[in-house]
Amino acid sequence: MLSPSVPLLEIVFRTVVVYIAVFFLLRLAGKRELGQMKVTDLVVILVIANAVQNSLNGGDTSLIGGIVAAATLVGMNVVVDRYGKQVPFLERFVRSEPTLLMQDGVFLEKNLEQENISKDEIAMSAREHGIKDLSEVSEAILEPDGSISVIPNEGGRIHRVKRIRQFRQRP
């Protein structure tokens with residue numbers, strides 16, 4: 001239970017390789033996949049986790065081997081988050097840029113296709129921002145986190161009234 005059947009450095013090496021491989025596969029899927037997961041995306045992530053389990057630990061089922069693999073995954077995540085943006089080669093994989101999807105009420109078809117975003121998704125996001133007609137949209141932007149920001153035209157500003165409940169003082 002406590003003694004690993006595979007050398008600990010091999011578990012660390014295997015875990016680093018699997019982390020890098022899965023990281024690049026998820027980056028190829030695009031930022032939309034990570035930002036707003038669908039059921040199919042969740043299934044893929046769960047199946048990937050199951051598929052790569054044995055490749056992480058080389059068949060070792062010891063408690064120590066599992067802890068070493070988990071610690072390596074957390075360590076890789078910290079390294080990529082903190083230092084990935086500072087290494088020019090890695091920066092383009094770690095950092096995402098916003099993508100303009102719509103400008104002045106006109107869809108940018110090339111960007112929609114590249115990011116695998118439907119016009120209905122932009123319309124839904126516009127409605128969430130209080131915009132009924134897409135002609136009132138100045139810009140729709142796919143953010144690096146996968147969310148869609150919608151900026152209304154100047155004339156179509158959204159005015160939300162903040163309701164404040166006032167209490168009367170008793171005499």
Side-chain angles (χ1 to χ4, degrees), residues 1-102 107-130 139-151 160:
M1 175 188 203
L2 292 177
S3 60
S5 60
V6 175
L8 294 180
L9 278 178
E10 182 179 335
I11 292 174
V12 169
F13 176 75
R14 287 170 166 271
T15 303
V16 167
V17 170
V18 170
Y19 179 91
I20 291 169
V22 171
F23 176 83
F24 283 112
L25 287 171
L26 291 175
R27 284 297 291 159
L28 287 175
K31 57 189 162 200
R32 181 67 173 164
E33 300 298 321
L34 300 176
Q36 296 185 356
M37 287 186 4
K38 298 173 272 196
V39 173
T40 55
D41 301 325
L42 178 61
V43 169
V44 167
I45 288 175
L46 291 173
V47 172
I48 285 174
N50 191 39
V52 301
Q53 177 201 4
N54 286 333
S55 60
L56 289 176
N57 58 21
D60 181 273
T61 57
S62 70
L63 182 61
I64 299 296
I67 291 171
V68 167
T72 303
L73 286 170
V74 170
M76 286 295 298
N77 198 45
V78 168
V79 167
V80 168
D81 281 348
R82 288 193 185 155
Y83 305 109
K85 296 174 185 165
Q86 298 171 3
V87 178
F89 171 73
L90 293 177
E91 182 182 20
R92 68 178 216 224
F93 296 110
V94 175
R95 196 174 122 216
S96 293
E97 295 292 325
T99 304
L100 188 62
L101 302 173
M102 186 175 191
F107 291 106
L108 303 175
E109 299 289 340
K110 180 182 172 189
N111 292 354
L112 289 173
E113 187 176 313
Q114 181 182 350
E115 297 293 349
N116 195 25
I117 302 290
S118 71
K119 294 174 182 177
D120 289 338
E121 288 175 289
I122 295 175
M124 179 179 70
S125 187
R127 287 189 301 274
E128 288 173 351
H129 287 81
E139 291 180 341
I141 303 163
L142 178 63
E143 301 294 350
D145 68 354
S147 63
I148 298 175
S149 296
V150 177
I151 302 166
R160 290 202 165 83

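In this structure, CD in E115 is found 11.0 Å from CG in L100, a value given to the nearest 0.5 Å. Separation of atoms CD1 (I11) and OG (S5) is listed at 7.0 Å; rounding is to 0.5 Å. Note that OH of Y19 is 12.0 Å distant from OG1 of T15, once rounded to the nearest 0.5 Å. The CG atom of N77 sits 10.0 Å away from atom CZ of R82, with the distance rounded to the nearest 0.5 Å. Taken from OG in S149 to NE2 in H129, the straight-line distance is 5.5 Å, to the nearest 0.5 Å. Atom-to-atom distance recorded for N116:CG and E121:CD is 7.5 Å, nearest 0.5 angstrom.
The stretch residues 63-75 participates, sequence neighbours left out, in no side chain to side chain donor-acceptor pair (under 3.5 Å) pair at all.
Contacts of E10 classified as side chain to side chain donor-acceptor pair (under 3.5 Å), with partners at least two apart in sequence or in another chain: R14. Taking the side chain to side chain contact (heavy atoms under 4.5 Å, CB included) definition, one finds that V52 meets it with V18, V22, I48, S55, sequence neighbours left out. Residues that satisfy the side chain to side chain contact (heavy atoms under 4.5 Å, CB included) test with I67, not counting sequence neighbours, are L63. Contacts of E109 classified as salt bridge (Lys or Arg N to Asp or Glu O under 4.0 Å), with partners at least two apart in sequence or in another chain: K119.
Between I117 and I148 there is a side-chain heavy-atom pair separated by less than 4.5 Å.
Among the candidates L108, L112, V150, the single residue satisfying the side chain to side chain contact (heavy atoms under 4.5 Å, CB included) test with L101 is L112.
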